Chemist: 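One structure, as structure tokens, below. Some questions next.
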Amino acid sequence: MSSQKRELILAFESSCDETSVAVIENGNKILSNIVATQIKSHKRFGGVVPEVASRHHIEQVTMCLEDAMAKANVTYDELSAVAVTYGPGLVGALLVGVACAKVVAFSHDLPLIPVNHMAGHIYAARFTNEIKFPAMALLVSGGHTELVYLPKENVYQIIGETRDDAAGEAYDKIGRVLGLTYPAGKQIDEMAHRGSDTFSFPRAMFKEDNFDFSFSGLKSAFINKVHHADQVGEKLNADDLAASFQQSVIDVLLHRTEHALNSFSIKQLILAGGVAANQGLRDGLDQLLSRHSDVELLKAPLKLCGDNAAMIGAAGYVAWKNGEVADLALNADPSLEFEWIEK
Ligand code: KG4
Ligand code: ZN
């Protein structure tokens, strides 16, 4: 039997449209991970309405907490710390999780661990395998698309990011043009597998020596194509449109990731964020990494690609071990960012 003390982290996530509370053991074992999604409420608006999100978080968070503690079958006395997402995200939404985490930390005299939501996404991959440093993370979500270098544990440095839309945002925007409901990423991914890349949309392949992405040119080309066809009464194959769009997104992501693989000496490439659930991207990275046999590809488990508190508990455990503790003055930081790597 292992002699390691059982370290239990209670984690909260409420940065966007999922209220989630989890209990994580030793940073890598999920005892519970309750996720209450609000997607149904936001669908009719075609995106997340911040005020509606905050109200739902308030309604859900206490029930999620009770469920998470009951499912994990632990008492508050057994917890080691309370971790919470304090940014980036919607300020009103973040505040609900932060306030709730503070209440638990204060009333049970537990350390409060502030967690960057994007570090959480990276640590979703910790449930696949141990993270080995130095590592590189390709983070693709609804709000962010960035390449993050992890020279050692608990250090995150941005090396490149999108200059305009995030990849998930582009999926959701063109989804609206195709008449799909929000969020459209998963449906477009499925359609793409039935269609083929016949439209040859542009790919923003920067020639410069940087690691940035761009998706707005692709989005405009897509919208123009569909509007023009509407005007002349031409019927375009929606599956082919989806496949062409998806191939362009994947090509851009892979192109810049390959540049990062060639520029940094790393042990692992981590794929994380909501768009990391994309099957085409997962397959594309498998192919890319087959040419870089010295780098291990670590993909976040499909179920943990979207927002959840388990990933916050895993990142929180690492932050806590590294002495990152907040006091009760902790505030939400809607535009929290990792540092840029020194140029
Ligand atoms: O990380 P996430 O859950 O929330 C943010 O922190 O932004 O990411 C949500 C995004 C949405 O834009 C959604 O359309 C996209 O992830 N998404 C996908 C897939 N599943 C979710 N995009 C492409 N392919 C998918 N299979
Ligand atoms: Zn997220």
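Atoms within a ligand are numbered from 1 in the order they appear, just like the ligands themselves. Just so it is clear, the structure is predicted and the values come from calculations on it, not from any experiment. Starting from 1, each residue takes its place in the sequence as its number.
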Chemist: Applying the 4.5 Å side-chain criterion to the ILVMFWY set and letting contacts propagate, would L10 and V35 be lumped into a single cluster?
Modeler: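 As far as the 4.5 Å side-chain criterion goes, V35 and L10 are not connected within one cluster.
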
Chemist: Does K321 NZ have over 12 foreign heavy atoms under 6.0 Å away?
Modeler: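 Result for NZ/K321: enclosed.
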
Chemist: One residue to check: D172. Relative to ligand 1, which of side chain, backbone, both or neither has a non-hydrogen atom less than 4.0 Å away?
Modeler: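 Near ligand 1, D172 shows its side chain, while the N, CA, C and O stay back.
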
Chemist: So which heavy atom in the protein is nearest atom 15 (C) of ligand 1, and how far is it from that ligand atom?
Modeler: V275 CG2, 3.9 Å

Chemist: Without swapping roles, check the side chain of R176 against the backbone of G46 for a donor-acceptor pair under 3.5 Å.
Modeler: yes

Chemist: Please confirm whether C16 approaches ligand 1 to less than 4.0 Å, judged on its heavy atoms.
Modeler: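 For ligand 1, residue contact (heavy atoms, under 4.0 Å) with C16 is absent.
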
Chemist: In terms of residue, atom name and distance, what is the protein heavy atom nearest to atom 17 (N) of ligand 1?
Modeler: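 The answer is G274 O, 3.7 Å.
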
Chemist: Under 2.8 Å from the Zn ion (ligand 2), protein N/O/S atom count?
Modeler: 3

Chemist: Give the atoms of ligand 1, by number and element, whose distance to some non-hydrogen atom of G142 is under 4.0 Å.
Modeler: 5 (C), 7 (O), 8 (O), 9 (C), 10 (C), 12 (O)

Chemist: At less than 4.0 angstrom from any non-hydrogen atom of P183, what atoms of ligand 1 do you find?
Modeler: 13 (C), 14 (O)

Chemist: Check ligand 1 against K186 and write out every atom of the ligand that is under 4.0 Å from a heavy-atom position of the residue.
Modeler: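 Within the 4.0 Å cut-off of K186, ligand 1 contributes 19 (C), 20 (N), 25 (C), 26 (N).
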
Chemist: Answer side chain, backbone, both or neither: which part of D189 comes under 4.0 Å from ligand 1, heavy atoms only.
Modeler: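 Contact part for D189 vs ligand 1: side chain (C-beta onward).
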
Chemist: At what distance is the nearest protein heavy atom to atom 23 (C) of ligand 1, and which residue and atom is it?
Modeler: N278 ND2, 3.4 Å

Chemist: Any N or O of G306 that comes nearer than 3.5 Å to an N or O of ligand 1?
Modeler: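 No, there is no polar N/O contact under 3.5 Å.
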
Chemist: With rounding to the nearest 0.5 Å, note down the distance linking OH in Y182 to CG in D172.
Modeler: 5.5 Å

Chemist: Whether E190 and R194 form a salt bridge (side-chain N of Lys/Arg under 4.0 Å from carboxylate O of Asp/Glu) is what I want to check.
Modeler: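 Here R194 does not pair with E190 in a salt bridge, since their nearest N and O are not under 4.0 Å apart.
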
Chemist: Backbone, side chain, both or neither: what part of H117 comes under 4.0 angstrom of ligand 1, heavy atoms only?
Modeler: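 H117 to ligand 1: side-chain contact only, backbone stays beyond 4.0 Å.
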
Chemist: What protein heavy atom lies closest to atom 2 (P) of ligand 1? Include the residue and the distance to one decimal.
Modeler: D307 OD1, 3.6 Å

Chemist: Work out which heavy atom in Y86 is nearest to a heavy atom in N116; give both atom names and the distance.
Modeler: CE2-N, 4.1 Å

Chemist: With under 30° as parallel and over 60° as perpendicular, where do the rings of H56 and H42 fit, or are they tilted in between?
Modeler: perpendicular

Chemist: Determine, step by step, whether N262 and E258 satisfy the side-chain hydrogen bond (donor to acceptor under 3.5 Å, both in side chains) criterion, reporting the C-alpha distance in whole Å, the side-chain angles of both residues, the deciding distance to 0.1 Å, and the verdict.
Modeler: CA-CA 6 Å; N262 290 333; E258 178 148 45; 4.6 Å; no

Chemist: Surrounding CZ of R282 (heavy atoms of other residues, nucleotides or ligands, distance under 6.0 Å), is the total greater than 12?
Modeler: yes

Chemist: What are the atoms of ligand 1, with element, lying closer than 4.0 Å to any heavy atom of H121?
Modeler: 1 (O), 6 (O)

Chemist: Within the 4.0 Å heavy-atom shell around G168, which atoms of ligand 1 are there?
Modeler: 12 (O)

Chemist: Just need the protein heavy atom nearest to atom 18 (C) of ligand 1, so name the residue and atom and give the distance.
Modeler: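 Sorting protein heavy atoms by distance from atom 18 (C) of ligand 1 puts G185 CA, 3.5 Å first.
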
Chemist: Between D239 (side chain) and A242 (backbone), is there a donor-acceptor pair under 3.5 Å?
Modeler: no

Chemist: Using a strict 4.0 Å cut-off to heavy atoms of A277, name the atoms of ligand 1 that fall inside it.
Modeler: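 Counting from 1, the qualifying ligand atoms are 26 (N).
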
Chemist: What class does the angle between the rings of F338 and Y156 fall in, given that below 30° is parallel, 30 to 60° is tilted and above 60° is perpendicular?
Modeler: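 Taking Y156 first and then F338, their aromatic rings lie parallel (interplane angle under 30°).
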
Chemist: Would you call K299 and D286 a salt bridge, taking side-chain N to carboxylate O under 4.0 Å as the test?
Modeler: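 Yes, this pair counts.
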
Chemist: Return the set of residues passing ring-ring contact (aromatic ring centres under 6.0 Å, His included) with H108 (not counting sequence neighbours), or none when no residue passes.
Modeler: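 Y76.
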
Chemist: I'd like to know if E296 and K132 make a salt bridge, using a cut-off of under 4.0 Å between side-chain N and carboxylate O.
Modeler: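 Yes.
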
Chemist: Can an N or O of G143 be found at a distance shorter than 3.5 Å from an N or O of ligand 1?
Modeler: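 Indeed, backbone or side chain, G143 has an N or O that close.
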
